[in-house]
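As the structure is a prediction and not an experimental result, all values here were calculated from the model. Numbered from 1 within each chain, the chains take letters A, B, ... in sequence-line order.
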Amino acid sequence: MLEKLKDTLKKQISSAYHTVIKSFRSFFPLMVVILLIECVLFTVFLSFTNNISLREQQIREQYDHHLTVSCLTEAEMLLLRNDDRTVSRNAMCFTVIRTLRYDSTHYDPTYTVYIKILSGNKNYGIWKYFIDDSLETNFNAMCLRYHDVFGTEEQPNDHITLAFTPLYTEEEETDNLIAARTFCLILTSLLSAALFVSFYKIFARNKQFALGLYATFGATQRGICVQAMTELLVIALPFLIPSYYLSSLLCTLLYRSGGASYRFSLLSLPALFTVLLCIVAVLFFGTLISLKFVTKKDPMQLIAGEDRAVVVTPPPRSQNLLSRTFPIGYETLSFWRFRRHYISLSFLSSLLSVVFVAGCYLSAAYRADAAVRYRTDPDFSVKFSSVETVEAERIALFREISGVSNAFIEPSKIHADTLSVLLSVAGENVHSSRGLAEDRARNTLYTGDVSLISGGVDLAEYFQEFYGMSASDAFLADPYSILIGNTFENRETFDFAVGDTVTLLIPELDEEGKLVYLDENAQKIVNATGLHYWEEAYKKLSFRTLTLTVAGVIDDYPSGAEGVPLVMHPDVYEDVTGATLLANVLTVRLAQECTVKDFMRVEDQFCAFAARMGNCTVQSHESFFENRVERLYRYDSLMLVISATALLMIPLYLIYAQGVFFRKREREFTILRAISAPSNKIRGLYLWNTLSSLPVAALSLLFSALLCGGLFFFFERFLPNTLGIGSKIISGASLSPLVFVIGILISVFSAFLSALLPYLWYRKRYRAEILTNTFYSESEF
Amino acid sequence: MEKPMLEVCDLIKQYRQSDTVIHAVNRATFRVEDGEFVAIMGTSGSGKSTLLHLCAGLLSPNSGLIRIRGNDITKMSADKLARFRGQYVGFIFQKHNLIPQLTALENITLPAMMMKKPDYSYEHSLKKLTETLKIRDRLHHLPDALSGGQQQRVAIARALINRPQILFADEPTGNLDRKNADEVMELLLQMRQEMGQTLLMVTHDAALAARADRILYMEDGVLSPRPFL
Ligand SMILES: Nc1ncnc2c1ncn2[C@@H]1O[C@H](COP(=O)(O)OP(=O)(O)OP(=O)(O)O)[C@@H](O)[C@H]1O
Ligand SMILES: [Mg+2]
């Protein structure tokens, strides 16, 4: 049984191998496509894998311990600290890295202990799944051994608290990266399969005469598929190795250019295995689908369909047209005859250019997002408890510390939804009114979704630094001048310019603090939220108005902060909100090139500083690490790689499809010669065909424009709040025009080339004896 | 009673070309007994090839019934039909339809390979066929290096290699001279004798048709046992 299977397999493979070698030329385009697909799959896999290791590396740099145990008594602390040195090597499953003592006037001192659990986890590599010496095992061993400290399951020790660091939960930390890798691989495979179907359909159509005859003599569809699959695997398997190295090289370049490290490995089995799986799936579904298209026809249709390309089925009275204007009229008719061919050409090439544009778009979106996040996320917050406003001298002190790029007073912010303040805007300043209530009669739109912001002495500077905008001199000099955002829910909504005015409506309250209605007897507003509430409030409540002048416009305000940002003078802020402005938190940002080591050094310095001043606490933000490692991920370049591959596929596809198409038509041309068309007319026929690049290019531009429009609409609607991209809106219009120019140039040029090359090939074969041969010889590309 | 080898009932095949409908085969009904040799004659374009393609399961009819040995081939799935053809049916095309990339020998052994037959099982018949058809010395040539007649003989060998029970031949001797035509006819009849093969043959040649057990006539898609006037 097994012998027989082996034998069949061997036969199958050797026959497939010989087929591929024998018709190398016809397989060549498929080879290129398979190589490119494998390269992209490898690049996706390797770059995500590298991201995972970058993430792990970052966690290792950031933490040197797995857990912190706090609120320990002195006895418990001593037990943990002393014992680990005395027990035997086998039982020693952790070390204490650091101990902190907290004194209090009311209680005995408590201790916090930083613990590193020892495990062989890292060194075992893939074996860690089989040898259970994981962190968890050792953690459990530790708990068991020190049950006096940690308690037991039935009797937990309540007064201590345990906190795991990401070093311990590393697998969870990288889980979403692994999920993203899987998702990306599946998406790439799907795209590749679709692409492969387009290529393989041409290939199969070209072979349909033979397929029809195979079917005549008893070949089943399954047999044909298995044969096709084996042929493709014979190509795909040997290509795995070179494409692995090509992709490794590409990844090295990508990561090195971004200042990140890339861990090159001579041969990564997981990568090889995963890509093998993907490519087999791609080829399997690719052949299955494209062969289904071809072999669903009757054998006789396949055999006879071969000649169909030669059969002219002209529209009525075309005879006159034909005879009078031979090459041009004839070929123009041919465009009509072969319209399906030309439409499918245009469609696929435009799909590819859309993938290209979409890749560029996503890449730009990632870059914009990273830039905004870098700009807006603080690294440290220093909170002073005794002062209401931090003085300029103190800010200067912080700015002087090396590694610190800037320090500002953190502005106070109140989301006005809770205050029922309404912002009213003249209609002509608004792009689209989604999320805004409308009053058509007065041509105003209003929203209660407003963030009121104000800060200390450096308010204008703050917005310049974090949002890259400069306010006019009027800001802060005139209390009623404001900075305002142009975006709402991450979408370009307003169209403000310096000098515009907006109105703030502040509801009046009576002595009891209740809302004052215009009409005493009107029904009170109940159960209305959001839009409905504002609409009702606008009509029914009595307001005090405040006219504000725009002194500066914030173009992208991150999605996390809700509402339209309204940055105002401290006095006006206190007046509107009724709250005292607190300006006692300092936001500190580190220079972009700071390393994790720098971060820790600055943190130590801050803590020393704080201890000396005695009235402030320092809080560090994880976003420093997050943003830093995400900048290293190079998602943007990965997108560009995918998009460049799509671009490369355009000429490849067009040349292949047109090459096969004209090779088939050579019979027709030869018949034309046989019925005495002179050779210069045949040349004219080809040259006229080069102009087929024009309709193809025009059609694909049309398709691309439509598809891109749809895509941008989709992106702008859904991207900002999904996929984690989003603080910055990037719109189709803001994509570099170069992208479109390149897309158009490549499409037009490859359309032109794809019609010219077949002529050059035909001319090479153009001999007198071709006449007799072509009638019988089957076309082979 | 034995089931008839081929049974065709009310068979219709139409071709639609924009607004005109061509009735290539119009309500054909006939049966062919086991081992019988039936010739089909008719003018050019009368639908003979189409009828043959339909009977061999190479084309699906618009309606009607085709039974080979009691198996309704119009109801078979494409795969089942393919296997059925490989096992029981041989076909000689009017236009020989050889695969140009394969040598003559490869073309001939193709059906055996499709049925996954081991080499030895068809070697004998291959030898005999190639000798009788006088193509032994041209087996390693590509089809376009063969003459029209040689190509046709290769196609005949290909149809017979699996020793089918029923053979459809669409003008098998159309490209051959008198002498060769007679020899090929001789071979077909000899094979039929040996294997009790059923033969359905389209021909323009009245002399060849005369050797058949029965002649059917075709005109404008209509089949009749008597010649049309
Ligand atoms: N694929 C097709 N599409 C449209 N019409 C077709 C097709 N194949 C055949 N026909 C038409 O069907 C009719 C019958 O054709 P068929 O090939 O069966 O004729 P025939 O009797 O074999 O002729 P000949 O003796 O010349 O070979 C013809 O009128 C032909 O034009
Ligand atoms: Mg015919």
Side-chain angles (χ1 to χ4, degrees), chain A residues 4 7-8 11-12 15 18-19 22-26 206-227 291-292 294-308 311 313-316 667 769-770 772-781, chain B residues 13 15 17-19 49-50 52-54 56-61 77-102 106-118 142-148 151 155 158-159 161-162 164 168:
Chain A
K4 210 176 144 198
D7 205 45
T8 331
K11 246 190 184 158
Q12 187 88 39
S15 114
H18 286 293
T19 317
K22 224 169 80 179
S23 20
F24 182 81
R25 271 165 56 106
S26 69
N206 196 27
K207 291 245 178 298
Q208 71 175 21
F209 174 73
L211 290 179
L213 282 171
Y214 291 156
T216 302
F217 297 110
T220 57
Q221 225 175 65
R222 192 165 142 251
I224 290 174
C225 277
V226 168
Q227 177 68 20
L291 282 177
K292 262 262 143 43
V294 177
T295 53
K296 70 173 183 221
K297 291 185 187 158
D298 286 333
M300 214 46 224
Q301 278 177 312
L302 290 177
I303 295 168
E306 193 51 33
D307 300 328
R308 204 62 64 80
V311 181
T313 48
R667 269 184 174 187
E769 67 265 26
I770 205 171
T772 51
N773 281 347
T774 348
F775 281 123
Y776 298 108
S777 79
E778 172 57 17
S779 53
E780 187 189 335
F781 180 66
Chain B
K13 177 74 188 177
Y15 290 111
Q17 209 117 63
S18 58
D19 47 356
S49 299
T50 309
L52 232 55
H53 292 152
L54 288 169
L58 295 176
L59 205 58
S60 347
S77 72
D79 275 356
K80 195 154 173 245
L81 185 56
R83 249 175 277 132
F84 185 82
R85 269 198 307 266
Q87 210 158 0
Y88 299 109
V89 179
F91 201 97
I92 303 168
F93 293 95
Q94 184 170 15
K95 275 189 256 164
H96 44 77
N97 280 342
L98 296 176
I99 295 180
Q101 293 93 338
L102 303 182
E106 284 168 328
N107 264 297
I108 294 172
T109 52
L110 188 72
M113 278 172 348
M114 291 297 163
M115 298 319 290
K116 300 212 166 60
K117 289 196 177 168
L142 288 177
D144 58 10
L146 300 177
S147 78
Q151 287 175 5
R158 180 177 64 179
I161 187 82
N162 270 353
F168 296 96

Asker: So which part of B:Leu59 gets closer than 4.5 Å to some heavy atom of chain A, the side chain, the backbone, both or neither?
Answerer: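 For B:Leu59, the contact with chain A is made by backbone and side chain together.
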Asker: Locate the shortest heavy-atom distance separating A:Phe209 from B:Leu98; write the atom from each residue and the value.
Answerer: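 Nearest pair, atom of A:Phe209 first, then B:Leu98: CE2-O, 3.4 Å.
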Asker: Step by step, work out the side chain to side chain contact (heavy atoms under 4.5 Å, CB included) result for A:Leu213 and B:Arg158.
Answerer: CA-CA 11 Å; A:Leu213 282 171; B:Arg158 180 177 64 179; 3.9 Å; yes
Asker: Between B:Ala82 and A:Ala219, which heavy-atom pair has the shortest distance, and what is it?
Answerer: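 In terms of heavy atoms, the two residues are closest at CB-O, 3.2 Å.
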Asker: Going from CG on B:Asn162 to CZ on A:Phe217, what distance comes out if it is rounded to the nearest 0.5 angstrom?
Answerer: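 Reported to 0.5 Å precision, the distance equals 9.0 Å.
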Asker: For B:Ser49, what residues pass the side chain to side chain donor-acceptor pair (under 3.5 Å) criterion, not counting sequence neighbours?
Answerer: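 B:Gln94, B:Asp170.
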Asker: Quick check against the 3.5 Å criterion: does B:Asp79 have a side-chain atom that pairs as donor or acceptor with the backbone of A:Gln221?
Answerer: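 Answer holds: yes.
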Asker: Where do B:Phe93 and A:Thr216 come nearest, in terms of heavy atoms and distance?
Answerer: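 Closest pair (atom of B:Phe93, atom of A:Thr216, distance): CZ-CG2, 3.8 Å.
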Asker: In residues 84-91 of chain B, which residues are in contact with chain A at a heavy-atom separation under 4.5 Å?
Answerer: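 Only B:Arg85, B:Gly86, B:Phe91 of residues 84-91 of chain B have a heavy atom under 4.5 Å from chain A.
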Asker: What pairs with B:Ser77 under side chain to side chain donor-acceptor pair (under 3.5 Å), at least two apart in sequence or on another chain?
Answerer: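 With neighbours one apart ignored, the set is empty.
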Asker: Quick one: side chain to side chain donor-acceptor pair (under 3.5 Å) partners of B:Asn97, sequence neighbours excluded?
Answerer: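 Applying side chain to side chain donor-acceptor pair (under 3.5 Å) to B:Asn97 gives none.
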